[in-house]
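In what follows, every heavy atom counts, from backbone to side chain, and hydrogens, waters and symmetry copies are set aside.
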Amino acid sequence: MLSTYTYPKFEYRRPPEIAEQRDGRYPVVIVGAGPVGLAAAIDLAIQGKPVVLLDNDDTVSIGSRGVCYAKRALEIMDRLGCAEEMVQKGVSWNVGRTFFREQEVFNFNLCPEPDHHRPGMINLQQYYLEEYLVRRAQSLENIDLRWKNNVIAVTDHGDHVSLRVETPDGAYSIDADWLIVADGARSPIRHMMGLDIEGKIFMDRFLIADVVMKADYPTERWFWFDPPFHPNQSVLLHRQADNVWRIDFQLGWNVDPEEEKKPEKVIPRIKAMLGDEREFELEWVSVYTFQCRRMHEFRHGRLLFTGDAAHQVSPFGARGANSGIQDTDNLVWKLKLVMDGKAPASLLDTYSEERVFAADENIMNSTRSTDFITPKSAVSKTFRNAVLGLAKDHPFARALVNSGRLSVPSFLTSSRLNTPDSEVFAGNMVPGAPMDDAPVETASGEQWLLQAAGNRFQLLYYIADAADLDAKTAEGFTALADATIPVEVLVVAERGNAAAGLRTLYDVRGRIRERYDLRPDSCYLIRPDQHVAARWRAFDVELVRAALARATCNA
């Protein structure tokens, strides 16, 4: 048990299939109530889709586990209605520092630009994140959350998936039109289906030690190479909620993991780092190895694999849970359109394509970080140490320092859902990019751009004075709103009131104009997951319709 956290015990309820002695059929079943499965269930419920969520346990994750949640994950959690609680409880930070032996050689800022709603990163123990997500899921009528329900068999019939589920009251069977697999890195369902996962397992081990202590260290990420308190290895320190500090000690491969977890082995390492005078309490200890690998494809018929079930990376860079949450962000809107009969099932192939691309990007960055942190030869270590020695005084060497390239969202620039630019724009908001945030004012007060965006297709349209919107353009907006797949228009203006029925966002600090390179009549088609699908210098309803068809595989 932890001294700073009391684990909830969620109620097991007899499933209706057992109570009523019947089989069940559901539109979507999700397996795994970790962060990824819960995010998928909440998103589907928000979209009006009923979900059955199965988990073989009745509490949240044991130990702090994943602790770093990046700006993009927080923006997605905002859309799901649970980011504020996370940010209030978590420890926000933007600055990371890297040390070689006793000297700082490199630092970075995750959010150097002003006027963003969320910080570059928060540190929050995974059990808190899961508790908040469970609470949010329990508030939604469309989610049937079943604890102590263990899936023991899965069969894909082509037009549906059958599951056999074991409970304290015996086994039952249910069918699902679609199955979202979020059952973790070991993924029993992946094994049941005989699906491979390929990649690299790294021959190294790290010790996680969570300690409770009061310390006046800055709220930053600190990473040491070859520090005097842990020579020839690396160490990572950062703060979590409740005055819990996470320390990662590199151990090397030739150690006994069980032996290294014993307090008599862990406490001397911590004292060597913090000093004998620092009081602390050992909260949680674990030893891990890591791997960088993924499934070849994330869609297999009616089974959709997400998170660690689909791909795994080393912990350096906080790319695990963050990328899993982005998986569901990419998947759910596509699945909804397919379920509603408004898009072909091939749209779900683009979930696999786009998220495989993102996984490869994460694996590449994670592998490079791991190779730098844990060099596998004397030559590699000599090179690494030379880079670190030069980094303090030479900018070219700083670019080579890699203590974990931290999680950033993928720019899906090669996606077949994008409409290529036909005109010149400056800035980063290219087709495939995740939207940049910016402060806005609305009729109801101050807000943020990303709080107004998401969950549907939208057209971001800029005009200096909203009152100058002409009748023909307004008619085009109405036609888009009334289409089979509606497009909501968000008018970005400096002043004035748009026609009735149109939402107006006032760009009070000019950040939207700056970040999206807006001129009068410029517009952006935005996907439900807040990625740019297309952009133009002038509004043309037929061009928007064509881009919408392309973004939904209806072209």
Worked check of side chain to side chain contact (heavy atoms under 4.5 Å, CB included) between D177 and D159: CA-CA 7 Å; D177 295 336; D159 62 343; over 6 Å; no
Quick one: does any side-chain atom of [X] pair with a main-chain N or O of [Y] as donor and acceptor, under 3.5 Å?
{"X": "N418", "Y": "L412", "value": "yes"}
{"X": "T328", "Y": "I325", "value": "yes"}
{"X": "T478", "Y": "A474", "value": "yes"}
{"X": "R239", "Y": "A241", "value": "no"}
{"X": "Q530", "Y": "I526", "value": "no"}
{"X": "D78", "Y": "A83", "value": "no"}

Nearest non-hydrogen partners of P434 and S410, listed with the distance: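 Where P434 meets S410 most closely, the heavy atoms are CD-O, 3.8 Å.
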Over all atoms of both residues, closest heavy-atom pair of L38 and A137: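 Taking L38 first and A137 second, the nearest heavy atoms are CD2-CB, 4.3 Å.
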Check [Y] with [X], please: is the shortest side-chain N to carboxylate O separation under 4.0 Å?
{"X": "R416", "Y": "E353", "answer": "yes"}
{"X": "K89", "Y": "E85", "answer": "no"}
{"X": "R118", "Y": "D437", "answer": "no"}
{"X": "E542", "Y": "R545", "answer": "yes"}
{"X": "D327", "Y": "R355", "answer": "yes"}
{"X": "R511", "Y": "D507", "answer": "no"}

Neighbour count above 12 (heavy atom, 6.0 Å) for E141 CD: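 Open.
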Over 12 foreign heavy atoms within 6.0 Å of CZ, R368: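 Check fails, neighbour count at 12 or below.
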Going by atom types alone, do [X] and [Y] pair a side-chain donor with an acceptor below 3.5 Å?
{"X": "T419", "Y": "R550", "value": "no"}
{"X": "T350", "Y": "K334", "value": "yes"}
{"X": "D144", "Y": "Y26", "value": "no"}
{"X": "N330", "Y": "E354", "value": "yes"}
{"X": "T473", "Y": "D470", "value": "yes"}
{"X": "Y506", "Y": "Q447", "value": "no"}

Plane angle bin for F298 and Y351 - parallel if under 30°, tilted between 30 and 60°, otherwise perpendicular: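 Because their plane-to-plane angle lies in the 30° to 60° range, the rings of Y351 and F298 count as tilted.
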Parallel, tilted or perpendicular: rings of W448 and H117 (30°, 60°):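 Aromatic pair H117/W448 classed parallel.
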Spacing of CE belonging to M121 relative to CG belonging to N94, to within rounding of 0.5 Å: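 The CG atom of N94 is 9.0 Å from CE of M121, to the nearest 0.5 Å.
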Inter-residue atom distance W178.CH2 - M339.CE, 0.5 Å rounding: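 Interatomic distance, W178 CH2 to M339 CE, rounded to 0.5 Å: 9.0 Å.
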Validation row, ring centre F425 to ring centre Y524 under 6.0 Å: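 That pair passes the under 6.0 Å test.
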Among D329, I46, I42, the one residue meeting side chain to side chain contact (heavy atoms under 4.5 Å, CB included) with R79: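 With R79 as partner, side chain to side chain contact (heavy atoms under 4.5 Å, CB included) holds for just one option, D329.
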